[in-house]
Amino acid sequence: MVARRPPPDEAVRYGLRVAAGYAWRVVAVAVAVYLVFVALGRLHFVAVSLFVALLLTALLRPLTDLLAGWVPRGVAVAIAMIQAFVVVGAMVTFVATSVAGQFGGLASQFATGIAEIEALLSGPPLRLPAGELTRLTNQGLAWLSENRGQLAAQAAGEASIIAELFAGLALAVFCALFFLHSGERLWRWGIDQLPVRRTRWDAAGRAGWTAFAGYTRGIVIVAVSNATLVGIALHLLKVPLALPLTLLVLLGAFIPLIGAPIAMWIATLVALAGRGPLTALAVLVLIVVIGQIEGHVLHPIIMSRAVKLHPVVVAVSVACGTVLAGIIGAVVAVPMVAVAWATYAQLRALGPVSPPAAGQ
């Protein structure tokens with residue numbers, strides 16, 4: 001009697017079949033995520049503009065809804081948008097005016113600070129020759145003079161980047177206006193295009209938007225916390241322009257990865273000019289400490305509570321996004337993961353999918 005061969009599925013152990021099933025699904029999800037980040041990298045102009053538009057919508061939606069109870073929706077959107085521009089413009093104007101008013105004094109103090117640094121470097125243990133820093137500065141100025149043509153060409157390229165930034169901002173504001181005014185109608189129109197299970201996807205999409213709004217609030221809290229810590233440190237060290245520098249750090253915190261460090265280095269240079277090298281060194285140390293606190297404590301904890309993700313997931317998401325798509329990936333990684341998880345959790349809470357009913 002010939003022994004019956006088991007079916008192909010039964011010939012493989014159950015645990016291995018389950019592991020293989022999960023493995024190819026994980027690979028499929030990883031490939032999909034990679035393709036999304038590749039698309040974002042290729043369409044970075046549109047992607048960043050839409051992301052900024054969604055941020056503006058999430059920030060201004062509560063105020064718009066509140067104003068819409070007294071005035072027409074279009075007027076409420078205009079008031080909210082104008083108020084946002086006035087607040088940001090006032091902050092930028094205050095920073096620029098304060099810097100312009102004290103620039104002359106800071107320039108002379110900066111020369112004094114350079115002289116103090118030369119005196120420190122000429123002593124032990126380095127014992128650099130007197131005037132060495134001045135000589136290096138003159139060499140740097142000479143290099144700038146010799147390469148001014150190449151630098152001018154690079155500046156022209158940077159001008160095109162600035163023009164692209166303004167165009168992206170205009171697109172973001174344009175989209176945010178429509179999202180604030182008729183976002184609900186746009187969403188209902190998109191849901192109505194689905195053939196089945198509209199109620200489930202409507203609930204899942206709204207859960208994803210709630211997660212994105214939580215991410216936006218988390219960004220604001222992180223920026224305010226970081227600026228508050230920096231402002232306290234600058235005030236205690238009696239650094240000139242402490243308040244404008246604090247506002248500059250607040251604005252820079254909304255530019256991922258590079259905004260806050262640039263603002264903090266500017267604060268260090270102002271401390272060098274106004275208070276000398278020792279105060280500048282203290283500011284630099286405090287900035288590094290505050291940056292570590294913000295990056296490894298405040299940001300993961302606040303963002304994890306805002307988007308309902310574990311701090312480890314937040315940190316790993318930012319790291320993976322940075323590796324895959326640079327700054328754009330770092331910006332969109334956490335909200336993408338938060339929206340995806342909130343959508344999945346909502347669909348899971350609704351239970352298994354049932355056969356579609358007529359008209360659903």
For residues 186-196, run the donor-acceptor check on the side chains, cut-off 3.5 Å, and write out each pair with its distance to 0.1 Å, sequence neighbours left out.
residue : atom : partner : partner atom : Å
Trp187  : NE1  : Asp202  : OD1          : 2.7
Arg188  : NH1  : Asp202  : OD1          : 3.3
Gln193  : NE2  : Trp189  : O            : 3.0

Exercise for review: Search all heavy atoms of Ala338 against all heavy atoms of Ala211 and return the closest pair with its distance.
Suggested key: O-CB, 3.8 Å
Practice item. Using the rule that two of Ile, Leu, Val, Met, Phe, Trp, Tyr join whenever any of their side-chain heavy atoms come within less than 4.5 Å, decide whether Val337 and Phe51 are in one cluster. Key: yes
Study note, to complete from the structure: The ring-ring contact (aromatic ring centres under 6.0 Å, His included) partners of Phe179 (sequence neighbours excluded) come to none
Check your understanding: Which heavy-atom pair separates Val339 from Gly208 by the least distance, and what is that distance?
Key -> CG2-O, 3.4 Å
Check your understanding: Considering all heavy atoms of both residues, which atom of Ala58 and which atom of Ala213 are nearest to each other, and what is their separation?
Key -> CB-CA, 4.2 Å
Exercise for review: Could I get the full list of side chain to side chain contact (heavy atoms under 4.5 Å, CB included) partners for Ala203, not counting sequence neighbours?
Suggested key: Gln346, Leu350
**Study point:** Spacing of CE belonging to Met81 relative to OG1 belonging to Thr64, to within rounding of 0.5 Å
**Key:** 7.5 Å
Practice item. Return each pair, listed once, that meets salt bridge (charged side-chain N to carboxylate O under 4.0 Å, His left out) where at least one residue sits in residues 18-35; pairs must be two or more places apart or across chains. Key: none
Practice item. Keeping to residues at least two apart or across chains, list the salt bridge (charged side-chain N to carboxylate O under 4.0 Å, His left out) pairs with something in residues 65-81. Key: Arg61-Asp65, Asp65-Arg73
Practice item. Applying side chain to side chain contact (heavy atoms under 4.5 Å, CB included), name anything that partners Leu286, two or more places apart in sequence or on another chain. Key: Ala233, Leu237
**Study point:** Under 4.5 Å side-chain linkage, directly or through intermediates, the cluster mates of Ile82
**Key:** Val86
Study note, to complete from the structure: On a heavy-atom basis, the closest approach of Ala84 and Leu60 is CB-CD2, 4.0 Å
Practice item. Please answer: with hydrophobic residues joined when any side-chain heavy atoms are less than 4.5 Å apart, are Val77 and Leu66 in the same cluster? Key: no
Practice item. Mind jotting down which residue pairs meet the salt bridge (charged side-chain N to carboxylate O under 4.0 Å, His left out) criterion with at least one end in residues 168-185? Sequence neighbours excluded, please. Key: Glu184-Arg206
Exercise for review: Might you work through the side-chain contact (heavy atoms from CB on, under 4.5 Å) test for Thr57 and Trp209, ending with a clear yes or no?
Suggested key: CA-CA 11 Å; Thr57 304; Trp209 172 252; 4.0 Å; yes
Revision key, fill the gap. Residues passing the ring-ring contact (aromatic ring centres under 6.0 Å, His included) test with Tyr344, sequence neighbours excluded, are Trp341
Review point. In Å and rounded to the nearest 0.5 Å, what is the CG to CG distance from Leu56 to Leu180?
Key: 8.0 Å
Check your understanding: Are the side chain of Ser49 and the backbone N or O of Gly168 linked by a donor-acceptor pair below 3.5 Å?
Key -> yes
Check your understanding: Side-chain heavy atoms under 4.5 angstrom apart, residues restricted to Ile, Leu, Val, Met, Phe, Trp, Tyr: same cluster for Val75 and Leu67?
Key -> yes
Exercise for review: Flag yes if Leu63 and Phe212 sit in one hydrophobic cluster, no otherwise; membership is Ile, Leu, Val, Met, Phe, Trp, Tyr, and two members link when side-chain heavy atoms are under 4.5 Å apart.
Suggested key: no
Study note, to complete from the structure: Residues passing the side chain to side chain contact (heavy atoms under 4.5 Å, CB included) test with Val224, sequence neighbours excluded, are Val220, Thr228, Leu250
Exercise for review: Could I get the full list of side chain to side chain contact (heavy atoms under 4.5 Å, CB included) partners for Val31, not counting sequence neighbours?
Suggested key: Val27, Leu35
Exercise for review: Could you state whether Ile79 and Phe174 fall into the same hydrophobic cluster, counting links through intermediate Ile, Leu, Val, Met, Phe, Trp or Tyr residues with side-chain heavy atoms under 4.5 angstrom apart?
Suggested key: no
